[in-house]
Student: 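Mind having a look at this structure? Questions to follow.
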Amino acid sequence: MTSTLQSLPWWKQGPIYQIYPRSFLDTNGDGVGDLEGIRRKLDYLKDLGVRGIWLSPIYPSPLADFGYDITNYHDIDPVFGSLEGFRSLVREADQRGIALIMDMVLNHTSHQHPWFIESRSSRESMKRDWYIWKDGRRGLFGRRFPNNWMAAFGGHAWTFDEQSGQYYLHLFTEEQPDLNWRNPEVQRAMLGELTFWLDLGVKGFRLDVINYLVKDAQFRNNPYHFRATYPRRHDLQHHQYDRNQSETYDIIRSLRDLLDSYAGSSEETMLVGEVYPDEGVHAPDLAATYIGDGRELLHLAFDFSPIYTKLTAGDLYSVLNNWYSVLSPQAWPCHVLSNHDQSRASSRLCAGPDSEAKKKLLAALILTQRGTPFLYYGEEIGMVDGKIRRQDLQDPLGKKYYPFHPGRDRSRTPMQWTDGPGAGFTEGKPWLPINPDYRERNVKAQEGDPSSLLTWYKALIHLRQQEAALHSGTIEFIQAGLADEVLAYRRRIGEEEVLVVLNVSGQTRQNPGGRGGRVLLSTHRKSESPIEQDTRLAPWECTVYK
Ligand code: GLC
């Protein structure tokens, strides 16, 4: 069995850090982050210990959905910089051992993409069949939608085009028409776009809503599904026919073939998929189907169960255990607590008393699990959701459902680098308000502070790289502690064993792992202290023993 870090493919070696480029660092004073800003922070990321960066979309876009509506898949939006700047970023990241992966939006383009403009121009257009066009059904009171599918960002998933007299499908906003992936020309064109980035040295892709690609051939109605939710009709159906069709897996196989034929080995480049289940549903089994044994489908897929969980030992255990138990033994897990679509875990799970201690616990959890941890920018300093006033909202989802849904801007506020003007993020007016807590919570204040969250993240990442049991070992949970709010597990490889003990409570508890061994890292005990005799755990204590 593999036990040295270097013998693992890059994406198994360390955390992957998601950057929302608009909010990372602005170097030209326009209030929007840019590629040059990312380049300037590469040393920061290297020092943190990240092994890869996932860049949310930086392609030209009219911003109906903040970059997830693309007009040109092989260029950079001028607000972020240029292809020239991108090449330097790839090169300089590579010099620091950091790989770059791009966010690829394959399900839909912008309505301003030349393909859609052409497709829309007439029913006879050469590109008509590149998108999904349908006649309306005839109803008692005139024209009706082709079926009952609803869009994630409100309203029906069909928009009528007056000029050509048909409806087109869009599972998100009407400015994001869905491509017709049953058309081989679409498949070829998109593979070409992926090749463009691979040629530039990109090491893989995060695939946006990858399970949506192919739709039911007969366009059947989705079944009704009752749930109590904010008023989004999209959530009142079970998405049986607009997602997860078997042909999608064939497309993924062809993407994987492209990457494999491109790289020297099948694991040098990586595909990680966003597999979206019905809203609020834990669906690790669905995500697992998109990985299979990891050899011909995706390398990694996100299980979003942690987004819907609570901070208790039992809940965390069942989410993790469910994820591991549905994965094939050859598959490699990954873990994600926060991203650009969700409330940050620091707000969702760590609000109230002891919030900083809870954040340390989540960090210890995600960085000592099996598989690849994904970190979201600012997670390492404990950034919390912003409070965005109605007039500052940017996100189409937030604007549409105000005040029922908070939207997604809250987790996209600018990175907090310093306590100076603009939080060190910008000298201009930031595109989203900076969270006022930047005066206390920022990178500069935490760097060099031995008790800070940032220091804790660095120590954990470093430890994960040092200990083979942590980066490559098996995991076995100790059930005995769960009723007592203690989540403990052993990570093993060969003769080596590491014990992780997390007290998920504000009370003193007992260590269910017994006498722990030598302390490798702890929120409460001295590192490298000799065999520990004390089996009591302090409130929220996190200790890693060997
Ligand atoms: C994914 C993205 C989200 C985007 C949507 C449509 O869920 O993460 O930000 O709005 O797809 O592209």
Side-chain angles (χ1 to χ4, degrees), residues 16 18-23 54-71 73 77 101-113 116 131-132 149-155 157 169-179 181 190 193 205-213 215 232 234-235 239 242-244 248 271-281 283 286-287 290 298 300-304 306-308 334 336-344 374 376-377 385 393-401 405-413 432:
I16 297 180
Q18 180 190 357
I19 292 182
Y20 196 72
R22 297 182 69 80
S23 294
W54 146 25
L55 290 178
S56 281
I58 50 175
Y59 318 93
S61 164
L63 302 186
D65 186 17
F66 286 88
Y68 287 88
D69 50 319
I70 299 170
T71 52
Y73 283 78
D77 195 295
I101 67 172
M102 297 292 275
D103 209 318
M104 256 294 152
V105 186
L106 300 177
N107 179 67
H108 46 267
T109 67
S110 161
H111 67 141
Q112 290 178 22
H113 193 294
F116 188 68
Y131 291 83
I132 300 174
W149 296 357
M150 303 303 296
F153 295 160
L169 179 71
H170 53 86
L171 295 182
F172 292 89
T173 67
E174 64 178 82
E175 291 90 1
Q176 294 166 292
D178 280 43
L179 283 159
W181 274 88
M190 273 302 188
E193 305 289 16
F205 302 94
R206 176 264 185 187
L207 301 173
D208 192 62
V209 290
I210 192 64
N211 57 325
Y212 289 33
L213 283 198
K215 281 73 180 176
R232 191 167 70 152
H234 172 266
D235 299 333
H239 293 274
D242 53 352
R243 298 181 193 171
N244 303 312
T248 298
L271 292 173
V272 52
E274 181 195 33
V275 176
Y276 226 83
D278 281 358
E279 192 67 23
V281 171
L286 176 70
Y290 284 88
L298 301 176
L300 301 173
F302 295 122
D303 166 30
F304 290 118
I307 302 287
Y308 308 114
C334 65
V336 58
L337 294 173
S338 296
N339 68 27
H340 65 292
D341 291 331
Q342 307 293 340
S343 162
R344 287 178 178 270
F374 278 75
Y376 183 52
Y377 81 95
D385 290 346
L393 285 177
Q394 303 279 345
D395 174 31
L397 185 65
K399 285 183 179 167
K400 172 90 186 177
Y401 288 106
H405 188 288
R408 299 170 297 175
D409 294 318
R410 57 185 173 169
S411 58
R412 301 175 178 178
T413 61
L432 269 180

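Both counts, for ligands and for their atoms, begin at 1 and track the order of listing.
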Student: Among all protein heavy atoms in this structure, tell me which lies nearest to atom 4 (C) of ligand 1, with the distance rounded to 0.1 Å.
Tutor: D65 OD2, 3.3 Å

Student: Is the gap between the ring centers of Y73 and H113 under 6.0 Å?
Tutor: yes

Student: Identify, for atom 7 (O) of ligand 1, the protein heavy atom at the shortest distance, and state residue, atom and that distance.
Tutor: E274 OE2, 2.9 Å

Student: For W149 and Y212, I'd like to know if the aromatic rings sit close, meaning centre-to-centre distance below 6.0 Å.
Tutor: no

Student: List ligand 1 atoms under 4.0 Å from R408, heavy atoms only on the residue side.
Tutor: 3 (C), 4 (C), 9 (O), 10 (O)

Student: Will you find, in the side chains of D385 and S343, an N or O donor that is under 3.5 Å from an N or O acceptor?
Tutor: yes

Student: At less than 4.0 angstrom from any non-hydrogen atom of H340, what atoms of ligand 1 do you find?
Tutor: 2 (C), 3 (C), 8 (O), 9 (O)

Student: Which of the atoms in ligand 1, numbered in the order shown and given with their element, are less than 4.0 Å from a heavy-atom of V209?
Tutor: 1 (C), 7 (O), 11 (O)

Student: Picking from N107, L397, D69, what satisfies side chain to side chain contact (heavy atoms under 4.5 Å, CB included) with F172?
Tutor: N107

Student: Within the structure, is a non-hydrogen atom of R206 found at a distance of less than 4.0 Å from ligand 1?
Tutor: yes

Student: Is D208 in polar range of ligand 1, meaning some N or O pair under 3.5 Å apart?
Tutor: yes

Student: Determine whether a donor-acceptor pair (N or O, by modelled atom type, separation under 3.5 Å) exists between the side chain of Q342 and the backbone of N339.
Tutor: no

Student: Between Y20 and F66, is the ring centre distance below 6.0 Å?
Tutor: no

Student: Against heavy atoms of H108, which atoms of ligand 1 measure under 4.0 Å?
Tutor: 6 (C), 12 (O)

Student: Would you say that P177 contacts T109 through its side chain, given a criterion of any heavy-atom pair below 4.5 Å between the two side chains?
Tutor: yes

Student: Relative to the heavy atoms of F153, which atoms of ligand 1 are at a distance of less than 4.0 Å?
Tutor: 10 (O)

Student: Checking side chain to side chain contact (heavy atoms under 4.5 Å, CB included) for the pair M190/L179: CA distance, chi angles, key distance, verdict?
Tutor: CA-CA 10 Å; M190 273 302 188; L179 283 159; 3.6 Å; yes

Student: What residue and atom, counting heavy atoms only, is the protein's closest point to atom 9 (O) of ligand 1, and at what distance?
Tutor: D341 OD1, 2.7 Å

Student: Taking the minimum heavy-atom distance to atom 5 (C) of ligand 1, which of F66, F172, Y212, Y20 ranks first?
Tutor: F172

